[in-house]
There are 2 protein chains.
Amino acid sequence: MATIKDVARKAGVSTATVSAVMNDSAFVSPELRARVVTAIRELRYEPSLAARNLRRSRSQLIALAVADLSNPFYARIVWSAEAAVAAWGYSLVLFNSDEKPDTERRILSRIRTLGCDGMVLVPVGAANQYQPHEFEGIATVLLGRSIKGNSADTVTIDNWAAGRQAVDYLLDLGHRRIGSVTGPMQLSTSKGRLDGMIDAMAARGLAPQPGHIRSGEFREEAAYSVARDMMGSPDRPTAIYVANGVMAIGVMRAIADLGLRCPQDVSIASTDTVAGAGGLKPRLTRTEHPIADMTNEALRLLVDRIEERGSEPVRNIVFQPALIVGESCRPLRADAG
Amino acid sequence: MATIKDVARKAGVSTATVSAVMNDSAFVSPELRARVVTAIRELRYEPSLAARNLRRSRSQLIALAVADLSNPFYARIVWSAEAAVAAWGYSLVLFNSDEKPDTERRILSRIRTLGCDGMVLVPVGAANQYQPHEFEGIATVLLGRSIKGNSADTVTIDNWAAGRQAVDYLLDLGHRRIGSVTGPMQLSTSKGRLDGMIDAMAARGLAPQPGHIRSGEFREEAAYSVARDMMGSPDRPTAIYVANGVMAIGVMRAIADLGLRCPQDVSIASTDTVAGAGGLKPRLTRTEHPIADMTNEALRLLVDRIEERGSEPVRNIVFQPALIVGESCRPLRADAG
DNA sequence: CCTTGATAGCTAATCGTTTCGCTAAGTCTG
DNA sequence: CAGACTTAGCGAAACGATTAGCTATCAAGG
């Protein structure tokens with residue numbers, strides 16, 4: 001690889017001049033500029049980011065650490081994030097914490113070592129697992145989930161509203177025995193959605209039966225097994241609110257395996273679906289998040305923090321979910337209530 | 001951020017010693033080692049990769065450039081790749097060329113500037129669009145698609161076998177008028193799969209009708225429109241081989257919108273499905289690729305190239321597809337053939 | 001004609017590591 | 001005990017860029 005010195009020698013100028021041409025950082029006479037440009041082209045010179053970054057103490061790298069790359073929801077985030085990061089002139093370094101706090105800890109340290117200019121993090125741990133120094137000195141935006149007491153910018157959705165909307169819809173259809181398959185309770189997303197559900201029911205003087213609320217990992221398999229268990233009992237709910245898209249697939253599979261039909265026997269509403277956007281039958285009734293907008297907003301905030309070294313106040317952006325009606329819910333027949 | 005000098009000063013040793021402790025690159029007496037370790041911990045020292053890499057001319061970065069991040073097939077690759085890269089001690093820089101050769105060119109240049117130690121590339125251009133120097137000096141593995149005449153290692157699937165297997169299956173069910181919705185002809189994947197189909201039919205003295213072979217972008221929308229067009233005509237095929245999973249979703253949607261049912265009215269077989277793995281109804285009959293194995297193998301080859309500077313002969317690994325029978329195909333009723 | 005100011009381009013310091021070569025102290029060996 | 005080996009640890013030179021500060025050169029003004 002040619003270095004700046006090779007270019008300087010070939011063009012008969014100093015390295016400072018080459019640098020000035022590369023960065024347009026100072027006036028260079030047209031004649032010299034031409035010689036430099038030619039030399040750059042002929043040697044196929046590409047500046048070494050390692051050297052540049054060492055000097056500038058910038059890396060042009062933005063890290064994205066998501067909670068579960070096997071989940072299409074995060075795959076969608078990755079897609080948007082790559083585009084946004086590239087548009088801002090950075091490159092994306094991708095990490096998957098796989099919902100494991102230990103892995104996440106290693107990732108944070110790695111991000112620091114790499115000298116990433118900033119990071120977008122979907123945190124997987126409970127609030128008390130984070131040391132303040134883990135976020136010091138590196139611009140951070142928390143995406144999707146927040147950490148209580150943390151002073152980073154956040155971009156989240158209104159989980160409470162998502163649960164409330166979905167369950168209000170089920171209630172409007174006449175359902176009264178409503179169950180939920182949801183994620184780990186230490187995550188703000190699971191907790192918020194369940195609270196929305198409970199408040200929706202409470203507003204009509206109802207409460208879910210204890211056995212009808214099941215929480216577990218945000219994965220298809222986990223959802224399958226708890227749904228199978230819950231729906232196998234005689235007082236099973238007539239409708240289920242599932243807290244995420246991947247789990248919804250597991251729940252639908254469980255229902256099919258039990259010989260029940262959706263929506264004829266059980267109505268299902270969920271939050272945050274992306275899975276099988278085109279293919280799932282019946283199409284899920286769900287509350288959707290504007291994933292692309294959220295991701296773009298997260299990167300806008302992040303780049304803002306990186307480039308304006310100023311310390312503006314912490315920003316918390318909350319997006320509202322939208323209810324998309326599919327074919328997975330039915331009004332409850334009067335005799336079954 | 002603390003630097004190695006701070007640590008050296010605090011521990012009362014030279015920077016060389018600190019470096020030796022960090023990298024275990026030379027014997028350091030237990031006493032000094034202990035002082036250094038303490039200083040590192042107290043200052044929360046993390047070495048700067050920028051500096052280390054400048055010196056070592058390594059970056060610990062592996063680039064992955066995929067053709068289309070919105071395609072679950074590539075999302076699946078990204079998932080596997082992140083895990084493999086991390087397991088080998090590198091970090092993953094992700095790029096999306098979005099099937100655009102121009103974007104890909106910029107990405108290649110960026111990868112070079114970043115000083116990535118190696119790259120895994122899903123190429124999007126025709127063979128003649130690549131300059132040899134674009135791959136010089138950086139370890140490269142081509143994944144999924146190959147470039148004729150290129151001397152990089154490749155990991156691909158046997159596309160011909162995939163097309164042949166799927167279409168043989170349809171032929172065995174009695175179908176004779178078989179159509180195909182496939183991708184751009186300049187890509188080795190599309191071409192190979194179509195060739196497999198044609199050979200399968202030729203082996204039984206058949207040939208597809210010209211209007212029954214439609215190629216276009218590897219996207220759902222493209223597939224939807226060509227399928228709608230093809231299936232709208234009276235001599236429509238009784239079965240369709242779709243060259244990729246995302247397109248299959250588009251084809252199924254088109255069929256449903258035309259009032260046709262799958263598999264009752266039309267049988268569909270495809271290659272490379274991942275989309276809606278859990279959810280799609282009816283479940284597709286398809287040839288599947290061992291995506292995780294392929295990705296792991298690609299990274300094994302790559303790391304091998306990076307770390308053994310030796311120039312072993314070029315390796316081309318070809319994986320075989322496996323036919324997975326779903327519910328999207330039916331024997332042809334005798335009267336309709 | 002000398003001073004002043006402007007400015008194109010150069011020299012050299014710097015970023016934070018790794019690593020080559022050296023010193024000095026210790027250990028054998030005959 | 002002197003000379004020959006070892007070896008723990010140090011000093012300083014890289015790596016390849018950026019950039020502050022300097023040096024010529026030249027034009028304009030008095």
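Chain identifiers are assigned alphabetically (A, B, ...) following the order of the sequence lines, protein sequences preceding nucleic acid strands; residue numbering begins at 1 within each chain.
- Note on A:Thr17: a side-chain N or O is less than 4.0 Å away from OP1 or OP2 of C:dC10.
- Counting non-hydrogen atoms under 4.0 angstrom, A:Asn53 reaches nothing in the nucleic acid.
- Following rounding to the nearest Å, A:Ile4 (CD1) and C:dT14 (P) show an atom-to-atom distance of 19 Å.
- Regarding contacts with the backbone of C:dT14, every side-chain N or O of A:Arg55 stays at 4.0 angstrom or more from both OP1 and OP2.
- Nearest to the side-chain atoms of B:Leu54 among the listed nucleotides D:dA8, C:dG16, D:dG11 stands C:dG16.
- A distance of 9.5 Å separates CZ in B:Phe73 from CZ in B:Phe218, rounded to the nearest 0.5 Å.
- B:Asn53 and B:Ser59 share no side-chain donor-acceptor pair at under 3.5 Å.
- Between B:Ser19 and the phosphate of C:dT18, there is a side-chain N or O to OP1/OP2 separation shorter than 4.0 Å.
- Side-chain contact check for B:Ser109 and B:Arg105: no donor-acceptor pair (N or O, by modelled atom type) lies under 3.5 Å.
- For A:Arg52 and D:dT18, the shortest distance from a side-chain N or O to OP1 or OP2 is below 4.0 Å.
- Here the P atom of nucleotide D:dT19 and the CZ atom of A:Phe27 are 19 Å apart, to the nearest Å.
- Comparing atom distances between the A:Val28 side chain and each of D:dA13, D:dG16, C:dG9 picks out C:dG9 as nearest.
- If you take CG of B:Leu49 and C1' of C:dT18, they are 13 Å apart, rounded to a whole angstrom.
- B:Leu32 comes within contact range of the sugar-phosphate backbone alone, with a heavy-atom separation under 4.0 Å but no base atom that close.
- For the pair B:Ser29 and D:dG9, the criterion of a side-chain N or O lying under 4.0 Å from OP1 or OP2 is met.
- A:Asp68 has its side chain within reach of A:Asp98: a pair of non-hydrogen atoms, C-beta onward, lies under 4.5 Å apart.
- Each of C:dT17, D:dT18, D:dA17 was ranked by its minimum atom distance to the side chain of B:Tyr45; first place goes to C:dT17.
- When the C1' atom of D:dG16 is taken as reference, atom CZ of B:Arg58 falls 18 Å away, rounded to whole Å.
- Minimum atom distance to the side chain of A:Ser14 is reached by C:dT11, of the listed D:dA17, C:dT18, C:dT11.
- Among D:dC15, C:dA8, D:dG11, the nucleotide with an atom closest to any side-chain atom of A:Lys5 is D:dC15.
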